[in-house]
Amino acid sequence: MIDLRLLREEPELFRAGQRRRGESPDKVDELLRADESRRAATQRFEAVRAEQKSLGKQVAKASGDERAALLARTKELAAEVKTAEAEATAADEALRKAHLAVPNLVQEGVPEGGEDDFVVLREVGELPAIDSPKDHLEIGEALGAIDTERGAKVSGSRFYFLTGVGALLQLALFNMAIAQAVEHGFIPSITPSLVRPESMEGTGFLGAHASEVYRLEADDLFLVGTSEVPLAAYHSNEILDLSAGPERFAGWSTCYRREAGSHGKDVRGILRVHQFDKVEMFSFCKPEDAVAEHQRLVAMEEEMLAKVEIPYRVIDVATGDLGSSASRKFDCEAWVPSQGRYREVTSTSNCTTFQARRLNIRYRDEDGKPQTAATLNGTLATTRWLIPILENHQQPDGSVRVPKALQPFLGGREVLEPTAKTAANA
RNA sequence: GGAGGGCUCGCCUAGUGGCCGAUGGCGCCGGUCUUGAAAACCGGUAUGGGGAAACUCAUCGUGGGUUCGAAUCCCACGCCCUCCGCCA
């Protein structure tokens with residue numbers, strides 16, 4: 001939710017923001033009107049309510065004819081109050097709807113356009129020279145690491161088993177991510193994967209992405225698509241102490257996505273799946289620190305990518321491809337040799353105060369007054385990372401070299417060898 | 001699945017129809033005292049909306065109802081806790 005005070009003062013700022021996103025500025029004007037009629041309705045209600053209260057006090061003291069006369073008047077008022085209140089409530093609801101419809105203000109400098117109009121900020125690392133590279137699934141199957149056939153048998157398409165070194169590799173990667181997060185002052189956390197509707201709603205995932213979300217109808221709970229949801233909701237309706245700096249979390253959770261509308265896209269292997277694991281960073285900070293915090297999160301992601309020795313590029317996502325909460329988004333895309341292109345492996349968004357306003361997350365400023373906090377999120381590692389790791393480090397004999405930084409987390413293993421016969425096939 | 005208890009201002013708590021936005025304690029902030037601190041004492045200390053301001057309105061888990069008037073009475077729901085059963 002955007003800042004209504006700022007909207008009243010500088011509506012043009014938000015109209016321009018809508019145009020930059022490629023959306024109509026009409027929503028901004030609708031919001032302005034809703035805001036105005038809510039204030040008018042509120043004032044009408046408050047006026048009659050104030051009268052009712054003061055007359056009510058007189059009734060308590062009065063007696064006899066005086067009391068009877070007052071009662072007659074207050075009875076009329078009671079009806080007026082009731083209608084005025086109903087109108088105020090309706091105006092409130094209308095404002096809320098209009099408020100939710102306006103996305104966050106886009107940060108200065110974000111490239112304009114759609115999905116393909118991102119700007120490449122930098123490319124890091126040398127692309128490996130691999131003759132006819134095998135893809136991650138072929139490598140993974142030879143290593144006895146990935147089993148999509150049985151995943152499909154047991155759970156359906158876009159499901160998989162990680163087995164043997166596949167399971168170990170993911171655990172190693174995630175442990176390395178958590179270790180790095182702890183080293184940088186993030187609070188390691190393991191979060192719920194099922195959340196209540198208000199948590200889902202508060203983080204904005206029931207808006208445009210509602211069809212992406214699994215819902216357990218019998219219990220009215222949602223399966224999260226990212227631990228951003230529980231981490232953001234963690235401090236909902238709280239006033240934080242940010243005097244010592246941002247509060248940072250690294251949450252490890254399983255993530256679930258319906259992948260509705262992506263039928264036939266990226267169907268091979270584990271690139272696009274219904275269930276995966278992820279370590280997600282999440283920061284609560286003061287709004288003035290958000291831009292610096294965003295850079296910090298990108299730096300964390302790049303540190304991880306450097307550790308697994310994968311070539312990547314960082315892109316500045318264009319306005320039309322931003323989520324409604326984000327003011328700016330940087331993605332890191334890893335080189336995938338079998339596809340000869342970069343694929344997204346991390347994404348970090350600066351949500352400024354947009355998400356926190358909706359979740360009612362505040363902090364106290366120097367004067368002790370509550371102010372809306374800023375929130376940011378970013379990926380530190382996911383199951384998808386196994387793809388560039390396996391592919392970039394594949395060797396002609398079918399083995400896979402383990403990046404140095406990862407070796408301690410794999411019991412010192414330097415190479416993953418193919419198994420003639422995997423345990424699963426035995 | 002069954003039975004019971006609870007939900008009030010950071011925490012604990014008082015409050016059974018008007019004098020209640022709400023008591024007291026703890027904590028926190030400021031002051032007095034002190035070389036300094038502690039103790040003691042004094043004062044302050046919820047959030048949001050509207051208003052230039054004076055001020056005003058809302059909020060006692062949520063939503064409805066009764067009433068001129070509800071933290072307080074009635075109904076429904078939510079959540080938390082305990083016990084029993086079942087499962088792990």
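Chain letters run A, B, ... following the sequence lines, proteins first and then strands; every chain starts at 1.
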Rounded off to whole Å, could you give me the CZ-to-C1' distance for the A/R96 and B/G48 pair?
15 Å
Taking the C1' atom of each, how far is B/U8 from B/C79, in whole Å?
16 Å
Return whichever of A/R196 or A/T89 has its heavy-atom-nearest nucleotide of RNA chain B closer to the 5' end.
A/T89
Return the value, rounded to whole Å, for the distance between atom CZ of A/R38 and atom C1' of B/C57.
11 Å
Between A/R39 (CZ) and B/A52 (C1'), how many Å, whole number?
14 Å
Can you confirm whether more than 12 heavy atoms, excluding those of A/R96, are under 6.0 Å from its CZ atom?
no
Whole angstroms only, please: what is the CD-P distance between A/E66 and B/C68?
18 Å
Within a 6.0 Å radius of atom CD on A/E108, are there more than 12 heavy atoms belonging to other residues, nucleotides or ligands?
no
With rounding to the nearest 0.5 angstrom, report the CZ to CD1 distance, A/R384 to A/I389.
13.5 Å
A/D92 CG - B/C57 P separation (whole Å)
17 Å
So, A/D220 and A/R215, do they make that salt bridge, N to O below 4.0 Å?
yes
Members of residues 45-58 of chain A that approach RNA chain B, where some heavy atom sits under 4.0 Å away
A/F45, A/E46, A/R49, A/A50, A/Q52, A/K53, A/G56
P spacing across the pair B/G24 / B/C41, given as an integer number of angstrom
15 Å
Which residue pairs pass the salt bridge (charged side-chain N to carboxylate O under 4.0 Å, His left out) test when at least one of the two sits in residues 352-362 of chain A, sequence neighbours left out?
none
On RNA chain B, compare the nucleotides closest to A/T42 and A/E85; which residue's is nearer the 5' end?
A/T42
With a 6.0 Å cut-off (strictly less than), is the heavy-atom count around CD of A/E112, excluding the residue itself, greater than 12?
yes
For A/K369, report the nucleic acid contact type (base, sugar-phosphate, nothing); a contact means any heavy atom under 4.0 Å.
nothing
Distance between the C1' atoms of B/G65 and B/C28, in whole angstroms?
41 Å
Trace of the ring-ring contact (aromatic ring centres under 6.0 Å, His included) decision for A/H274 with A/Y256:
CA-CA 5 Å; A/H274 288 308; A/Y256 301 87; 9.8 Å; no
Quick check on B/G50: is either OP1 or OP2 less than 4.0 Å from any side-chain nitrogen or oxygen of A/R8?
yes
For B/G50 versus B/C12, give the span between their C1' atoms, rounded off to a whole number of Å.
34 Å
From the list A/V165, A/I146, A/I270, A/D135, side chain to side chain contact (heavy atoms under 4.5 Å, CB included) partner of A/L390 resolves to A/I146
Side-chain heavy-atom pair A/M176, A/M304 within 4.5 angstrom cut-off:
yes
Taking atom C1' in both B/C80 and B/G21, what distance in whole Å separates the two?
26 Å
Contact under 4.0 Å: A/R44 side-chain N or O vs B/G50 OP1/OP2:
no
Determine the Euclidean distance between corresponding P atoms of B/C11 and B/G5; express it in Å to zero decimal places.
25 Å
Expressed as a whole number of Å, how far does the P atom of B/A71 sit from that of B/C60?
7 Å
Indicate whether any N or O donor in one side chain lies under 3.5 Å from an N or O acceptor in the other, for A/H235 and A/E247.
yes
Around A/F409, counting heavy atoms of other residues, nucleotides and ligands shown, do more than 12 lie under 6.0 Å from its CZ?
yes
Using the P atoms only, state how far B/A76 lies from B/G25, rounded to an integer number of Å.
39 Å
Let me know the distance between CG of A/D241 and P of B/C28, rounded to the nearest Å.
14 Å
Requiring both pairing distances under 3.5 angstrom, list the stems that contain RNA chain B and are made of three or more consecutive Watson-Crick or G-U pairs.
B:1-7 with B:78-84, B:10-12 with B:24-26, B:27-32 with B:40-45, B:46-50 with B:55-59, B:61-65 with B:73-77
Could you tell me whether the phosphate oxygens of B/C29, OP1 or OP2, come under 4.0 Å of any side-chain nitrogen or oxygen in A/R364?
no
From CG of A/L221 across to C1' of B/G78 the rounded distance in Å is 13 Å
note: A/Q43, atom CD; B/C57, atom C1'; distance rounded to Å ~ 11 Å
Have a look at A/R362 and say if it touches a base, only the backbone sugar-phosphate, or nothing, with a 4.0 Å heavy-atom cut-off.
sugar-phosphate
Regarding the side chain of A/A78, the nearest nucleotide among B/G69, B/G18, B/G50 is B/G69
Nucleotide nearest A/K82 when distance is taken to its side chain, options B/G49, B/G51, B/U66
B/U66
